[in-house]
Amino acid sequence: MSVQGRDVGPVSMTCEVLDRRRLGRYWGLTLSAPEIARRAAPGQFVNIAVSAPGTLLRRPFSIAGAALGGHVAGTIDVVLDPHGPGTDMLAGVPPGASLEVLGPLGRAFPLPQRRVSALLVGGGYGAAPMYYLGERLRAEGHRVNFLVGAADSSRIIDPIVPKRMATWSSFTTEDGSMGHRGRVTDLLAEDLETTAAEVVYACGPNAMLAAVGDICEAAGVPCQVAVEEHMACGVGVCMTCILPIHTRKGVQNRRVCVDGPVFTSTRIAWEESRYTETAHEPVDDDLDDRDASDHDGRGPDDSRADEGHFTAGVRTVRTGGRR
Amino acid sequence: MSVQGRDVGPVSMTCEVLDRRRLGRYWGLTLSAPEIARRAAPGQFVNIAVSAPGTLLRRPFSIAGAALGGHVAGTIDVVLDPHGPGTDMLAGVPPGASLEVLGPLGRAFPLPQRRVSALLVGGGYGAAPMYYLGERLRAEGHRVNFLVGAADSSRIIDPIVPKRMATWSSFTTEDGSMGHRGRVTDLLAEDLETTAAEVVYACGPNAMLAAVGDICEAAGVPCQVAVEEHMACGVGVCMTCILPIHTRKGVQNRRVCVDGPVFTSTRIAWEESRYTETAHEPVDDDLDDRDASDHDGRGPDDSRADEGHFTAGVRTVRTGGRR
Amino acid sequence: MSTTTRPTGRTTGVDLSVDLGGLVLPNPIMTASGCFASGREIDALWNVSELGAVVAKSVTLEPREGLPTPRMSETPSGMLNAIGLQNPGVDAWLERDVPWLASRGARVVASIAGNSVDDYREVARRVAASRSVAAVEVNLSCPNVSHRGLVFACDPGRSAEVVRAVRQALPDRPLFAKLTPDVTDIARIGRSVVEAGATGISAINTTLGMAIDAETGRPKVANGFAGLSGPAIRPMAVRAVHQLFTELGPEVPIIGMGGVRTVTDVVEMVRAGASAVAIGTATFADPFTAANLVRDLGPWLGRRGHTALADLRGRIEPWPHHPR
Amino acid sequence: MSTTTRPTGRTTGVDLSVDLGGLVLPNPIMTASGCFASGREIDALWNVSELGAVVAKSVTLEPREGLPTPRMSETPSGMLNAIGLQNPGVDAWLERDVPWLASRGARVVASIAGNSVDDYREVARRVAASRSVAAVEVNLSCPNVSHRGLVFACDPGRSAEVVRAVRQALPDRPLFAKLTPDVTDIARIGRSVVEAGATGISAINTTLGMAIDAETGRPKVANGFAGLSGPAIRPMAVRAVHQLFTELGPEVPIIGMGGVRTVTDVVEMVRAGASAVAIGTATFADPFTAANLVRDLGPWLGRRGHTALADLRGRIEPWPHHPR
Ligand SMILES: Cc1cc2nc3c(=O)[nH]c(=O)nc-3n(C[C@H](O)[C@H](O)[C@H](O)COP(=O)(O)OP(=O)(O)OC[C@H]3O[C@@H](n4cnc5c(N)ncnc54)[C@H](O)[C@@H]3O)c2cc1C
Ligand SMILES: Cc1cc2nc3c(=O)[nH]c(=O)nc-3n(C[C@H](O)[C@H](O)[C@H](O)COP(=O)(O)OP(=O)(O)OC[C@H]3O[C@@H](n4cnc5c(N)ncnc54)[C@H](O)[C@@H]3O)c2cc1C
Ligand SMILES: Cc1cc2nc3c(=O)[nH]c(=O)nc-3n(C[C@H](O)[C@H](O)[C@H](O)COP(=O)(O)O)c2cc1C
Ligand SMILES: Cc1cc2nc3c(=O)[nH]c(=O)nc-3n(C[C@H](O)[C@H](O)[C@H](O)COP(=O)(O)O)c2cc1C
Ligand code: FES
Ligand code: FES
């Protein structure tokens with residue numbers, strides 16, 4: 001197995017695909033990636049080379065799990081939403097084939113320093129990294145609650161996982177095919193109370209994250225979100241993936257790939273960013289009936305952050321220490 | 001199965017790969033292509049879409065066989081020399097996968113109108129279409145003789161096939177690993193006598209074909225060759241595949257894909273063409289030890305054609321008649 | 001075996017027709033010059049009258065044998081070619097190919113080339129005599145012998161000169177000036193040819209490229225320099241078409257081309273400002289490309305609630321700010 | 001885990017060194033400006049001092065936040081970007097990044113940008129103060145505010161003006177003028193900047209492109225127009241480098257770039273006329289690209305019997321006629 005990189009930080013590896021399975025509309029891949037699994041933490045992502053005609057760049061995917069022990073030791077999981085040349089190609093890679101994987105990349109979710117009740121909010125395939133985070137939080141003794149939403153039940157990844165893992169869990173679908181009909185943001189304010197959440201973690205479409213952040217802010221609950229932006233390099237050198245962030249010097253552009261993808265939600269200047277999400281394949285041109293999976297949650301109006309509140313309760317995870 | 005095209009001529013089809021097998025350095029593919037198999041004749045080729053990153057154009061391959069009956073009815077064979085993105089991709093396509101295939105393309109070898117002794121000369125993967133032709137000639141009652149050459153024995157395709165099929169067969173390799181050490185052109189003049197050849201058919205690198213043509217001309221034996229030229233379209237619309245041909249109006253450029261690939265050897269104005277062959281992968285950069293497979297046969301000096309001699313003995317095959 | 005049947009855009013109720021300054025076509029799909037030979041080759045596969053129009057290979061006054069091989073080389077998502085305008089000459093084309101195309105019911109656009117203003121004028125004069133030629137495209141990407149071999153399309157003045165000469169010889173037919181992207185300011189060239197009498201613009205021709213074999217040191221195309229085409233250049237083409245549309249306004253028809261392969265590529269080109277779209281290199285990769293586009297464009301638009309392709313011309317939408 | 005070890009070209013006995021008008025580098029592999037950030041990001045993966053030189057992101061007088069997202073879009077074998085020169089400003093760069101690069105043992109080439117001749121002069125003056133900057137690249141692909149926003153590199157006169165100003169402010173360092181391919185005659189621009197005092201040329205910058213989402217109608221890059229880079233443009237880059245080499249002769253060093261990814265791409269660029277080769281977009285697809293090229297170039301040449309890379313510069317072989 002070819003591995004390139006240093007003793008800490010991301011490595012580039014040739015990884016065998018050990019397993020591929022359908023997860024409703026999505027696909028789950030398990031990759032043999034011992035060095036990445038060892039260094040990874042929830043919230044980080046990998047950048048996978050694709051070989052569809054005409055493609056050039058890698059594709060970023062959240063790490064949906066990393067196994068260090070057991071019979072799948074040294075593996076990582078990713079969950080794919082096939083909707084374009086890269087994701088289609090990856091969803092079709094048979095077990096036994098190899099992929100070039102670079103990771104772990106980006107900053108992980110900061111973990112609470114004292115025991116807390118945490119509410120994890122996942123939208124669509126954004127639930128995948130939340131399951132990984134949930135496991136980690138539970139292992140550290142926190143109370144884990146899940147709010148998982150999607151357009152329909154085929155986009156709720158393995159609902160048994162949050163049900164088993166969490167103290168409390170709830171599901172929403174826009175078409176009502178599973179759990180509450182509506183969006184996660186419809187229930188969030190109420191669920192914050194129900195779960196007595198002291199911290200919220202969220203991953204999903206940016207519009208959902210903006211709305212989640214607003215609701216949390218209104219409720220005074222600190223919130224960490226993992227965002228998405230178009231990425232060319234994933235390692236901080238191209239400057240394509242920026243997000244406007246409130247800093248001491250005013251709003252500045254930060255790179256999602258190295259300064260994120262996890263940000264304290266109140267620090268994101270959403271109103272200065274463009275609304276870059278478009279529904280995947282809104283029109284049914286093929287025979288298969290893909291449709292839109294994006295949320296369109298809208299939060300209340302603009303307000304500023306008090307981020308000391310949150311950072312007091314969290315510590316930053318250092319990943320991949322020198323061994 | 002999707003088929004596009006008219007009732008005669010080439011069609012575009014999605015073809016399942018039924019079988020893939022190693023043939024020394026080459027790979028043999030059997031494709032399910034009933035409509036192409038029905039319309040094909042020896043000397044014609046197919047243009048296969050490839051899906052390697054960055055590739056755009058199809059790749060042309062001689063039809064190495066077409067089965068109309070038996071348990072492989074409705075199939076065609078091609079033999080690949082993997083040495084670049086397209087051929088590497090095709091050599092790796094697993095049975096069960098599908099390929100987009102356009103064919104049959106080009107003009108077939110004209111067949112003799114009376115019983116003759118035919119000498120079929122194949123160089124490298126150029127032997128593949130000669131086996132197909134040999135079968136057809138034998139079925140029509142001609143005497144079939146084979147002279148097959150390559151750089152080494154790993155590039156002699158299925159030597160058992162010509163041995164079984166032919167009245168007489170002979171092999172040459174440049175390294176002496178099979179048959180005579182040397183090139184087909186070293187033995188050709190002698191073999192023309194041994195086999196009392198009345199017509200020669202040849203396929204292989206252009207340099208070999210030029211030399212074969214010269215030897216046949218010197219011996220007064222008509223010769224038909226199937227040439228190669230870089231092709232963008234394969235259907236006559238791009239004008240990239242031309243070869244200078246002696247015509248009544250002097251030397252004119254003709255398209256190999258529609259006016260060939262089969263030409264009467266004396267009509268080719270080799271001296272006006274460029275020497276476009278380069279050895280495949282002459283230097284061993286990868287761990288696998290590919291090397292040069294091209295012949296470098298040189299014929300005697302320039303001389304002109306008398307083509308009436310040949311055409312008197314042949315008729316043009318009409319392929320794919322209206323059904 | 002079932003020969004492919006091709007529902008036209010009309011059956012979907014979507015209006016695909018285009019009006020190119022008087023040249024009215026049932027649909028916007030054309031062929032790019034030099035990528036369709038005489039038309040017979042593709043008609044062996046499907047009925048070429050399904051096309052909006054056939055743009056023929058550029059013809060010159062005299063027949064030309066063109067350049068030596070190799071004439072092409074594949075590049076990442078593109079190809080290089082140097083054919084050297086191999087063509088049977090304008091007379092042979094008018095005599096052999098045009099009547100055949102007309103008999104098939106195809107709308108024929110001539111493409112004319114030359115190495116001097118007189119060449120162009122004379123070719124245009126001969127083309128004018130054929131009523132079967134519906135319009136003319138002036139391929140300005142030819143070296144001008146009286147100007148150090150500099151390509152006409154690189155200079156606004158020389159381009160205008162050629163267009164004026166052709167316009168004079170052929171006053172009654174829509175005239176499209178075909179431009180190269182290899183200029184500092186394509187909009188300026190476009191402006192000058194329209195002022196010189198061009199009905200509209202065809203853009204883009206290939207962009208100049210080169211590839212060299214690392215191993216042998218030989219240029220991959222015998223000529224050395226060669227024209228780059230295919231999907232690789234589509235972003236350049238979309239840009240050039242949009243610049244021309246912005247400069248010339250909606251009154252001037254534009255035939256957009258460069259790397260178009262799919263229905264979304266066609267729509268992208270139209271949104272950039274093209275009135276019609278020509279298919280070149282994609283035909284080499286799949287000779288059914290243009291036919292499939294004629295078949296699929298109407299349904300694609302229909303499913304999205306569009307009623308006429310022309311409504312999308314030049315329609316670029318702004319990026320909304322994040323909802324909050 | 002084994003950290004990658006990287007034999008340099010020298011261990012193979014092949015001389016990879018290049019002399020760029022006084023800037024002597026151990027090997028020809030450089031980074032393309034804007035594709036390597038501060039150097040720290042990649043140094044987290046491999047030792048950036050292995051490179052021939054690091055060309056930094058273009059810096060301007062003041063810090064810039066750049067353009068809104070989306071800033072990039074993948075295209076067939078290429079990508080479009082419109083970053084808008086986001087950079088910390090020349091002072092912050094000199095203070096924070098240059099000393100760090102120098103401490104790592106990297107050879108540093110500054111890239112400077114501006115919107116007026118004065119901008120360039122002032123940035124150059126500040127760069128001149130740092131002895132750790134070995135050379136300067138002048139990014140001429142910037143809009144000139146006092147000339148209707150026309151890009152400097154599109155005009156030979158304005159390009160020369162900038163180069164003269166920078167040369168004056170920085171008389172003692174090799175100076176490379178970075179050119180855009182979006183001109184009618186790149187060789188002419190090259191000639192004028194060399195006459196104005198440039199030591200050599202960097203070519204090519206991105207070529208202007210555009211992509212539009214068929215569905216939404218929005219430009220795929222928020223800015224609308226964007227720069228095209230990557231393998232798709234390599235044939236353009238090879239052509240431009242060859243034109244410049246032919247015009248300027250072997251005395252003028254050329255840093256060739258545009259779509260280079262593999263060892264054969266590097267050799268192709270050198271045969272076209274490049275003295276050194278910069279890696280841009282390929283780093284995004286694989287951040288180890290440049291390191292792998294440094295490792296593999298010497299052995300590739302050695303296996304083919306070459307003893308010095310410099311021998312291959314500008315070496316294009318003719319096509320032989322068919323042997324007969
Ligand atoms: C940090 C991060 C984590 C992600 N995690 C997941 C995940 O776990 N599962 C999953 O299915 N998807 C995930 N995505 C989105 C995923 O990367 C894109 O869907 C994918 O790149 C699309 O590639 P494509 O070729 O199939 O489609 P196309 O849309 O054709 O992609 C074309 C180009 O746009 C880029 N692109 C398109 N959409 C996105 C996007 N949403 N984000 C970033 N780049 C995009 C691609 O990288 C590519 O360069 C994540 C993105 C980021 C940035
Ligand atoms: C009529 C005809 C019949 C052929 N029959 C066979 C066959 O039976 N078996 C076989 O292995 N090969 C055959 N070839 C050659 C085969 O088409 C090329 O080896 C193949 O296209 C190379 O593609 P690549 O991507 O692997 O390599 P590359 O060399 O990287 O190809 C790059 C480009 O060059 C073109 N090209 C390269 N070499 C050739 C060549 N020799 N002829 C035409 N185009 C070329 C390719 O089509 C492609 O566009 C035939 C070619 C022709 C014209
Ligand atoms: C092989 C080939 C031959 C061409 N011949 C001509 C020609 O004779 N006249 C002309 O105006 N353009 C010619 N072109 C340019 C095309 O018409 C078209 O402008 C260009 O290729 C871009 O479109 P594409 O990317 O769809 O091929 C030729 C292009 C190719 C690839
Ligand atoms: C994301 C990105 C940012 C760039 N920024 C700069 C820059 O700041 N200054 C500059 O001179 N060139 C810049 N370039 C151009 C590159 O340096 C290079 O000239 C061009 O991309 C072609 O090379 P490539 O195909 O290897 O990327 C940038 C290119 C890209 C893709
Ligand atoms: S993706 Fe390149 S800087 Fe973030
Ligand atoms: S390959 Fe296009 S004309 Fe022959």
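First the proteins, then the strands, lettered A, B, ... as listed; each starts at 1.
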Region of D:S73 that comes under 4.5 Å of a non-hydrogen atom in chain A: neither
Contacting moiety of D:R261, where chain A heavy atoms sit under 4.5 Å: side chain
Shortest non-hydrogen separation from [X] to [Y] and the atoms involved:
| X | Y | value |
| --- | --- | --- |
| D:I212 | D:G217 | CG2-O, 3.6 Å |
| D:V54 | D:A106 | CG2-CB, 4.1 Å |
| A:I242 | A:M239 | CG2-O, 4.0 Å |
| D:A240 | D:I204 | CB-CG2, 3.5 Å |

Pair listing, salt bridge (Lys or Arg N to Asp or Glu O under 4.0 Å) test, anchored in residues 27-37 of chain D, at least two apart: none
Residue pairs, two or more places apart or on separate chains, that pass salt bridge (Lys or Arg N to Asp or Glu O under 4.0 Å) and touch residues 235-246 of chain A: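 Non-adjacent pairs meeting salt bridge (Lys or Arg N to Asp or Glu O under 4.0 Å): zero.
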Tell me, for [X] versus chain D, whether the close heavy atoms (under 4.5 Å) come from the side chain, the backbone, both or neither.
| X | value |
| --- | --- |
| A:L102 | side chain |
| A:A49 | neither |
| A:R59 | side chain |

Side chain proximity check, D:P70 to D:V221, heavy atoms < 4.5 angstrom: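 The answer is no, as the side chains (C-beta and beyond) never meet within the 4.5 Å cut-off.
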Rounded distance [0.5 Å steps], CG in A:D259 versus CD in A:Q252: 10.5 Å
A:S265 versus A:Q224, side-chain donor and acceptor atoms under 3.5 Å: no
Polar side chain donor-acceptor pair, D:T289 to D:N292, under 3.5 angstrom: no
Chain A contact residues among residues 83-98 of chain D, heavy-atom distance under 4.5 Å: D:I83, D:Q86
Contacts with chain A made by residues 225-237 of chain D (heavy-atom distance under 4.5 Å), listed by residue number: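 Listed by number, the contacting residues are D:P231.
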